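What you see is a predicted model; the values in this text were computed from it and never measured. Each chain gets a letter, A, B and so on, in the order the sequences are listed, and its residues count up from 1.
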Amino acid sequence: MGTKASSGSTGTKYGYFLGCVMPAKMPWAEKATFLVSKHLGLDFDYMKESVCCVRPGVWKAINPDWWLTLTSQNLATAEKQNIVIVDSCNGCYISHWECLQELKEEPEKLEMVNRNLEKAGLKVTLSTDVKHFLQVLYEDVGIEKIKENVVKPLNIRIMRHIGCHARKHDERFPMYFDEIMRATGATIVDTPYDKTCCGLLLYFADPKTSIFERIGVKMQTAKELDIDAYALICSGCYDQFERAVKVYKDERGIAFETPIVHFSELLALSFGYKPEDFGMMYCRPIPPTKLIQKLKEGK
Amino acid sequence: MMSYIVAPQKKLKEPIPVPGTKEKVTDLVVIHDPTKCTGCGQCMIGCAYKHFRTFDKRYGLLYVFEDPINKGRYVNANCSHCVFPMCLASCPKEAIYKDEKGIVRISPLLCVGCGTCNQACPIGIPRLDEERKVYVKCDFCDGDWPMCVQMCSSNALRLLPRKEAFEYVNKLRSGK
Amino acid sequence: MMSGDADRIKSWERLLEAGLKVTEHKQDEEAKKYPLRKQFRPAAPDIAKASLKRDFEVGLVYYVGDDVEQDRALCGLEKPPTAHTFKEALERKRKILEESGIMKELGFDKKKGFFKY
Ligand code: SF4
Ligand code: SF4
Ligand code: SF4
């Protein structure tokens, strides 16, 4: 009954935080995420009135206090709506989560933030919680339930990019990712570059390293190993993948063919949804025609 | 569960004395775990912005680069504010000193930009600041919560008390 | 992988240009005009300005226009319930930016949409 949205309890109201990239560049992932979460019976809706999470990579460097202030606008909004924030972008997740932790640890910062938010009629009381989508699936739903729902195991080979911020706690999130992906029936191919960053923040500082030595080597490896799809979960990483693929194509004349897919898409496919249900073939730099073909032939 | 909050000390406290000498060193030290580092470069960018107001990572005062042997692994060099700093010992102008917090600093007023400290430091930390033509090195963010540690995206950089840091690094080494 | 003069990354340069375009006092030009003046670095680096500007004006870093709306419709989605739709949220964000002095320190002029330096 309390305002505290306790973690893990049934009946938790989840508010999905879209972020910047997902609504603009990956509508298919957005749709697939909702298909999956509704399928699993979660009380899952959009978090309304959200603004940019404020990229921790940029704003924390500029001024950590500003980052705290701007991020807590989302926390305050979530508190008003009485939801648990769910992020599937690692950047958004870590921004919200770290902000919450820091405000909990340091009362002076909380005071400073509230002083700034007051003028906009907001207040942070730290009654909300922040969760990663992986955490919701693995900890709140459970791997068993996901396995039960897989009706169409995917017989494909994937490489995965989990992202830097998902490694911040410990090996928890990467493990969740792998287990859930294995549950869909996909085979995960390990490569030395799995851990390597996508280079999103480095793009501002050093575009060549960020594109050629980060995404470049990843996509090259994917090409050499001839895998079916590159799975990722973070929208920030997707942004960088898309950018790098475009640079390679438009400026270097090299076309990569491995489709970059979102984690929830593969999950939705294994739950028996069709690619058309979430518009898998639209607005992508690399259309997953081959993958869809393979999945059709597979069953 | 939230394992990394266990390092609550974010600022330097009293420097710790080195037994048998008059030296004092910082009680905290930044260490890097190459098994976690993803090579995102945020540490360098954070440091560069804090000290030089630019996102150009070459301005950073610590260095992360790809391991030339093990591809896909990233190694780093950051100042550990040594107990007996080689940079300090080597400086011909005595421009390098250990301040009351135990931080090893280069005085830009005394430095003549000869580069001896870079040669003497086992990991070549001091670098030339092209604009002022003096050598610069990590100043431990003046004893605040180091920017590089704050920015690290995968918790590869950690701030640990010296003794624990030593044990941690030993554990990392023996693990491989 | 890279070869010859194909060393330039055009999209990056475009981003930098976009940042410079919204700057009133450009540092490199000023430096040419007044070579003895010490160069000063603005709080917002040129390369980040374009995205910061969009953040201040839209509330999020990417814009959702008609073309994106069409793509979203293809995937069976409506307008995103973010600050794109809820302008109050954007207003609140602007107020916070303004009142906490962030805009001032970054030198962003809200009316003209320009960074001062
Ligand atoms: S610059 Fe090198 S020698 Fe000097 S204190 Fe740092 S690590 Fe030690
Ligand atoms: S402690 Fe501060 S000065 Fe030293 S490398 Fe890290 S960010 Fe730079
Ligand atoms: S911020 Fe952390 S993960 Fe990124 S390069 Fe630096 S040490 Fe490695």
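- With a 6.0 Å radius and a threshold of 12 heavy atoms from other residues, nucleotides or ligands, B/F65 has its CZ atom above the threshold.
- Using non-hydrogen atoms only and a strict 4.5 Å limit, no part of residues 225-241 of chain A faces chain B.
- Ionic pairing of A/E106 and B/K10 is present here: one or more N-O contacts between side-chain nitrogen and carboxylate oxygen are shorter than 4.0 angstrom.
- Two residues are said to be in side-chain contact when any heavy atoms from C-beta on lie closer than 4.5 Å; B/F55 and A/V58 meet this criterion.
- Listed here is the closest heavy atom pair of A/E213 and B/Y74: O-OH, 4.5 Å.
- Taken from OG1 in A/T209 to CD in B/E66, the straight-line distance is 10.0 Å, to the nearest 0.5 Å.
- No side-chain donor-acceptor contact under 3.5 Å links A/K168 to the backbone of B/A156.
- Contact tally against chain B (heavy-atom pairs below 4.5 Å) for A/K195, A/R167, A/K60: the top residue is A/K195.
- Between A/I162 atom CD1 and B/S154 atom OG the span is 12.5 Å, to the nearest 0.5 Å.
- Atom OG in B/S153 sits 10.5 Å away from atom CG in A/L200 (nearest 0.5 Å).
- Residues B/Q42 and A/H165 meet the side-chain proximity criterion, which asks for heavy atoms closer than 4.5 Å.
- Within the 3.5 Å criterion, the main-chain N or O of B/G39 finds a donor-acceptor partner in the side chain of A/R214.
- Within a 6.0 Å radius of CD in A/E108, other residues, nucleotides and ligands contribute more than 12 heavy atoms.
- Distance check, rounded to the nearest 0.5 Å: NE2 of A/H169 to CG of B/N155 gives 9.5 Å.
- The CD1 atom of B/I45 sits 5.0 Å away from the CG atom of A/L202 when rounded to the nearest 0.5 Å.
- Looking only at heavy-atom pairs under 4.5 Å with chain B, the residue among A/G57, A/P56, A/C198, A/G163 that has the most is A/G57.
- With a threshold of 4.5 angstrom between heavy atoms, B/C37 approaches chain A through N, CA, C or O but not through any side-chain atom.
- Dense packing is recorded around CZ of A/R157, with more than 12 heavy atoms of other residues, nucleotides or ligands lying under 6.0 Å away.
- Residue A/Y193 holds its OH atom at 13.5 Å from CZ of B/R73, rounded to the nearest 0.5 Å.
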Throw together a table of side-chain donor-acceptor distances under 3.5 angstrom for residues 119-127 of chain B, partners on residues two or more places apart or in other chains.
| unit_1 | atom_1 | unit_2 | atom_2 | d |
| --- | --- | --- | --- | --- |
| B/R127 | NE | B/G60 | O | 3.4 |
| B/R127 | NH2 | B/Y59 | O | 2.5 |

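- Summarising the geometry of B/K57 relative to A/A205, their closest heavy-atom pair is N-CB, 3.9 Å, with the distance given to 0.1 Å.
- Among all heavy-atom pairs drawn from A/C164 and B/T38, the shortest one is SG-OG1, 2.9 Å.
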